[in-house]
Amino acid sequence: MRRYSRITGTGSYLPPRRLTNDDLAADLASRGIETSDAWITERTGIRARHFAAPEVASSDLALEASRAALEAAGVAPQQIDLIIVATSTPDMVFPSTACILQDKLGANGCPAFDVQAVCSGFVYALAVADAMIQAGTASRALVVGSEVFSRILDFDDRTTCVLFGDGAGAVVLQASDTPGILATDLHADGRHVGILCVPGNVSGGRVLGDPLLKMDGQAVFKLAVGVLEKAARATLEKAGRTDADIDLLIPHQANLRIMQSTARKLKLPAEKLFVTVDQHGNTSAASIPLALDAAVRGGRARPGDTLLLEGVGGGFTWGAVLLDL
Ligand code: UT7
């Protein structure tokens, strides 16, 4: 009998400090940077984001999200046999945030590693966990996206600092006789490294280069709208399904206009597009599991529904996961 993987629990966590566009605009004005709620809302759909307190790390957000997902799945931390954390804002250069999370959860012994695919990170991590479960090397995986992007924002650059937020989301993915994950499709094009990056690095005890986020927003926008439909269609074809089978599209939450463009290309009505970017901003690898948990807990994604998850971001990376809940 074929072995599949299935999501059995979801969880998420947002740090308590919430900033509306007006709050952020007021903060930036005190630094001489001009922006407005109207600009941010019209261009991106973002109305608010959460920022973690300075002492809070990605593993702390991941811990809260993971506990909620484990509780929803009825799985104890010690029963987990694989931990994958997707993050571009790890606690340390090394070891991985997944190892730090493992310790905080008290889940020692299982393999634990990070996946670095920026905003596509959760889709990458889910695809890797699915493959490991199908191969029989894991049976109960914890897959997490966690970010503190506020740490790598340049608050003198209004073209980027208004876009991002902090948060974490997690799923428990278990072996199953029935799918579960129906198909995955991952891609990268390293020729576009420079359009979205944090170019600095640690060398000789110092940070060399710029340790803050740089983005050519228009270049990212154009690439994103081009590739997302292709990845969606690839998963549908692999699974023998069509657009009409999608009950809910949960894309990476970066820009409402990109999400609506993908939904239109897949001929999905507005109610089949799940949006949290208005409340979370762009939380990079955390955005899809945060949205997924909101959809599940809010009753928008129900058992048996077919969900399409799609990520796109730095690398340039992109991918999709089609699944039955
Ligand atoms: O998570 C990874 C994936 N990332 C994305 O998907 C991001 C994709 N890109 C985008 O979402 C959009 O390109 C942005 C939201 C980043 C920018 O929107 P845009 O419509 O491409 O605006 P733009 O960069 O062309 O800027 C338009 C104008 C410029 O002024 P001028 O040159 O026309 O006078 C900017 O200086 O808006 C100005 N501007 C701002 N004004 C007020 C840029 N940022 C701001 C701001 N507040 N925060």
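Along the sequence shown, the residues carry numbers beginning at 1. All ligand and atom numbering here is 1-based and tracks the order in the structure.
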Closer than 4.0 Å: a protein non-hydrogen atom to atom 14 (C) of ligand 1:
no
Are any of the protein's heavy atoms under 4.0 angstrom from atom 29 (C) of ligand 1, yes or no?
no
Would a distance-only check, ignoring hydrogens and angles, find a side-chain to backbone donor-acceptor pair under 3.5 Å from Ser261 to Arg257?
no
Residues, nucleotides or ligands: over 12 heavy atoms within 6.0 Å of Lys238 NZ:
yes
Heavy-atom nearest neighbour in the protein, as seen from atom 36 (O) of ligand 1, with distance rounded to 0.1 Å
Arg158 NH2, 3.3 Å
Given the protein's heavy atoms, is any one of them under 4.0 Å from atom 39 (N) of ligand 1?
yes
Numbering the atoms of ligand 1 from 1, which are under 4.0 Å from a heavy atom of Arg257?
18 (O), 20 (O)
Connected-component partners of Leu61 among ILVMFWY, side-chain separation under 4.5 Å:
Tyr13, Val56, Val148
Salt bridge (charged side-chain N to carboxylate O under 4.0 Å, His left out) assessment of Arg233 paired with Asp185
CA-CA 9 Å; Arg233 296 217 175 278; Asp185 190 60; over 6 Å; no
Which is it for Arg241 and Leu322 under the side-chain contact (heavy atoms from CB on, under 4.5 Å) test, yes or no, and what are the steps along the way?
CA-CA 10 Å; Arg241 305 264 182 122; Leu322 187 73; 4.2 Å; yes
With no hydrogens and no angle check, is any side-chain donor or acceptor of Asp81 less than 3.5 Å from a backbone partner on Ala138?
no
By number and element, which atoms of ligand 1 are closer than 4.0 Å to a non-hydrogen atom of Val162?
48 (N)
For atom 16 (C) of ligand 1, find the nearest protein heavy atom and state the residue, atom name and distance (0.1 Å precision).
Leu163 CD1, 3.8 Å
In the protein, what heavy atom is nearest to atom 2 (C) of ligand 1, and what distance, to one decimal place, separates them?
Cys119 SG, 3.4 Å
Members sharing Leu142's hydrophobic cluster, built from side-chain contacts under 4.5 Å between Ile, Leu, Val, Met, Phe, Trp and Tyr, are Leu63, Leu70, Val75, Ile80, Ile83, Val85, Leu101, Leu105, Val144, Val172
Taking only non-hydrogen atoms of Ile258 and a 4.0 Å limit, the atoms of ligand 1 in range are 6 (O), 8 (C)
Please tell me whether Leu256 and Ile288 are part of a single hydrophobic cluster in this structure, the criterion being side-chain heavy atoms less than 4.5 Å apart.
no
Can you list the ligand 1 atoms lying under 4.0 Å from a non-hydrogen atom of Gly217?
8 (C), 9 (N), 13 (O)
Which atoms from ligand 1 have a heavy atom of Leu196 less than 4.0 Å away?
2 (C)
Look at Arg17 together with Asp27 and state whether they make a salt bridge at an N to O cut-off of under 4.0 Å.
yes
Heavy atoms only: which of Phe316, Trp39, Phe149 is nearest to atom 17 (C) of ligand 1?
Trp39
Please list the nearest protein heavy atom to atom 10 (C) of ligand 1 with its residue and the distance rounded to 0.1 Å.
Asn255 ND2, 3.5 Å
Nearest protein heavy-atom contact for atom 22 (O) of ligand 1: which residue, which atom, what distance?
Arg43 NH1, 3.3 Å
Hey, is atom 32 (O) of ligand 1 under 4.0 Å from any protein heavy atom?
no
Just go through Thr317, Ile33, Asn282, Thr35 and tell me whose heavy atom is the nearest to atom 46 (C) of ligand 1.
Thr35
Is Ala224 touching ligand 1 with its side chain, its backbone, both, or neither, if touching means heavy atoms under 4.0 Å apart?
neither
Among non-hydrogen protein atoms, atom 4 (N) of ligand 1 lies closest to Val220 CG1, 3.4 Å
Which residue supplies the protein heavy atom nearest to atom 21 (O) of ligand 1, what is that atom called, and how far is it?
Gln218 CG, 3.3 Å
Under 4.0 Å from any heavy atom of His252, which atoms of ligand 1 are there?
1 (O), 2 (C)
If we number the atoms of ligand 1 from 1 as shown, the ones under 4.0 Å from a heavy atom of Thr44 are 15 (C)
For the pair Lys222 and Asp216, find out whether any cationic side-chain nitrogen is under 4.0 Å from an anionic carboxylate oxygen.
no
For the side chain of Asn21 and the backbone of Ile46, is there at least one donor-acceptor N/O pair under 3.5 Å apart?
yes
Output yes when Asp60 and Lys104 qualify as a salt bridge under the 4.0 Å nitrogen-oxygen rule, no when they do not.
yes
So, Asp245 side chain and Thr242 main chain: donor-acceptor pair closer than 3.5 Å or not?
yes
